[in-house]
Amino acid sequence: MVLLRSSLFQVLFYSVTFVLMIMFSPVMLLPRKWGWWVVPVWSRALLLLMRITVGLKVEVRGRENLPDGGFIAAMKHQSAWETVSLIPLFSSPTFILKRELRWIPIFGWYTAKFKQIPINRGKRSEALAAMMEAAKEAIAEKRQILIFPEGTRRPAGAEPKYKYGIAHLYKDLQCPVVPIAHNAGLYWPRSSWKVYPGTVVVDILPPIQPGLPADVFHERMVREIETASNRLIDEARRVPKPSPVLETIATPQT
């Protein structure tokens, strides 16, 4: 049953995305701020689709920790789930994403239209400079920069591998960084066709204010995200029908 429902969801996920991108394409002619509404509508449509087809719900904690204006959201990266489902939490977000996504027909046009920040992973120094310039512009416009500090998806419960680039952003932009933990990898595992029923819990942690040394900030951010993520994994073990993914994860040390 899980396989059948997951297959239905996967087909509808891409079909709905394609149809909505075509339907909403006239917003390409509008200013970015006027057309942005289509992106959270797409996100909410997919959240509803997940709930109906595979029984995947979401609980968000700590909304009060989101500051007004521009800041950096440092998010745990376990799944495809967080790349689409957290968008409605922010008023004017911009993802830092790999440049290759700009090359995807139609989808890439949307990332360019809504000023998402591409990064060329093959040219690290040039990429960092370009990312910093775009990030400064975003903060000046009071937008929220969404970044996955690990760079790529890691399985739930796996040893973390955080990159240091976010510490450079924190130091140079002088804005708050909001750590965000979740347990989406328990229900939509990395590179998995199957999506399991349950509730993804998102924990928005108190912002780390600017002014700390970069090393101190980075250590604190990693510690807070990982502690919260491990706590959510442990919490998920105690629900009536835990995800089968938990069988492959050792009990976390918090």
Side-chain angles (χ1 to χ4, degrees), residues 32-33 36 60-78 82-83 85-98 114-121 123-154 158-184 201-232 252-254:
R32 176 181 59 82
K33 291 183 179 180
W36 172 255
V60 178
R61 303 171 183 171
R63 292 177 188 266
E64 68 279 4
N65 290 323
L66 293 173
D68 295 327
F71 60 88
I72 299 169
M75 303 184 291
K76 185 69 178 171
H77 201 15
Q78 295 179 346
E82 60 269 15
T83 63
S85 301
L86 296 180
I87 292 172
L89 293 174
F90 308 96
S91 60
S92 184
T94 177
F95 275 98
I96 293 181
L97 43 79
K98 58 184 179 181
F114 295 117
K115 297 179 68 174
Q116 306 303 291
I117 302 174
I119 183 169
N120 183 359
R121 294 178 176 177
K123 297 182 178 180
R124 188 176 183 280
S125 58
E126 294 180 18
L128 186 59
M131 178 183 70
M132 196 65 68
E133 182 177 349
K136 287 179 179 178
E137 180 181 343
I139 292 298
E141 294 174 351
K142 297 183 179 181
R143 302 184 70 192
Q144 301 81 48
I145 298 173
L146 279 51
I147 186 170
F148 301 115
E150 291 173 282
T152 189
R153 287 173 289 176
R154 302 280 296 157
E159 181 182 357
K161 292 185 178 180
Y162 286 77
K163 312 296 184 184
Y164 199 73
I166 190 171
H168 295 295
L169 282 173
Y170 169 80
K171 179 181 178 181
D172 289 357
L173 297 182
Q174 290 294 299
C175 68
V177 172
V178 180
I180 298 179
H182 60 81
N183 60 1
V201 180
V202 178
D203 194 356
I204 304 170
L205 305 171
I208 302 174
Q209 298 299 332
L212 295 175
D215 289 346
V216 174
F217 155 75
H218 194 263
E219 180 182 351
R220 175 176 167 182
M221 178 202 68
V222 172
R223 181 177 67 252
E224 292 185 0
I225 293 176
E226 288 303 305
T227 298
S229 295
N230 287 341
R231 183 175 65 247
L232 294 178
Q253 301 298 315
T254 58

Query raised in the report: Are side-chain heavy atoms of Pro160 and Glu150 found at a separation under 4.5 Å?
Result: yes
Between the SG atom in Cys175 and the CG atom in Leu169, the distance rounded to the nearest 0.5 Å is 8.0 Å
Rounding to 0.5 Å, atoms NE2 (His218) and OH (Tyr162) come to a distance of 8.5 Å
* Exceeds 12 heavy-atom contacts within 6.0 angstrom, atom CD of Glu159 -> no
Closest non-hydrogen contact found for Pro207 with Asn65 is CD-O, 3.5 Å
Any side-chain heavy-atom pair of Leu66 and Gln144 under 4.5 Å: no
Rounded to the nearest 0.5 Å, the NZ atom of Lys76 sits from the CG atom of Leu232 at a distance of 11.0 Å
When every non-hydrogen atom of Gln78 is compared with those of Ala184, the smallest separation belongs to OE1-N, 3.4 Å
When every non-hydrogen atom of Ala138 is compared with those of Ile145, the smallest separation belongs to CB-CG1, 4.2 Å
**Q.** Plane angle bin for Phe90 and Phe71 - parallel if under 30°, tilted between 30 and 60°, otherwise perpendicular
**A.** tilted
Find out whether Leu146 and Ile96 are in side-chain contact, i.e. whether some heavy atom of one side chain is under 4.5 Å from a heavy atom of the other.
-> no
Output for pair (Phe148 CZ, Met75 CE), nearest 0.5 Å, gives 3.5 Å
Taking every heavy atom of Gln174 against every heavy atom of Gly211, the minimum-distance pair comes out as OE1-N, 4.2 Å
Original post:
With side chains defined as the heavy atoms from C-beta onward, is the minimum distance between Ile147 and Phe95 less than 4.5 Å?
Top reply: no
Next item on the list: Quick one: do Ser92 and Arg32 satisfy side chain to side chain contact (heavy atoms under 4.5 Å, CB included)? Show the steps, please.
Entry: CA-CA 10 Å; Ser92 184; Arg32 176 181 59 82; 3.5 Å; yes
Is Ile204 close to Val60 at the side-chain level, that is, under 4.5 Å between some pair of heavy atoms?
yes
**Asked** Does Trp36 reach the side chain of Pro93, with side-chain heavy atoms less than 4.5 Å apart?
**Response** yes
Hits for side-chain hydrogen bond (donor to acceptor under 3.5 Å, both in side chains) against Lys115, two or more places apart or cross-chain, chain-then-number order -> Glu137, Glu141
Separation between CE (Met131) and NZ (Lys136), nearest 0.5 Å, reads 11.0 Å
| query | So do the side chains of Val222 and Glu219 get within less than 4.5 Å of each other, counting heavy atoms only? | reply | no
Sorted by chain and number, sequence neighbours left out, side-chain hydrogen bond (donor to acceptor under 3.5 Å, both in side chains) with Arg153 holds for none
Between Glu224 and Pro179 the two heavy atoms that sit nearest each other are OE1-CG, 3.8 Å
Smallest heavy-atom separation, Val177 atom then Tyr170 atom, equals CG2-CD1, 3.6 Å
From the list Arg231, Arg61, His182, side-chain hydrogen bond (donor to acceptor under 3.5 Å, both in side chains) partner of Asp203 resolves to Arg231
- Query: Do the non-hydrogen side-chain atoms of His77 and Thr83 ever get within less than 4.5 Å of each other?
  - Reply: yes
When rounded to the nearest 0.5 Å, the distance separating NZ of Lys171 from CD1 of Ile166 is 15.0 Å
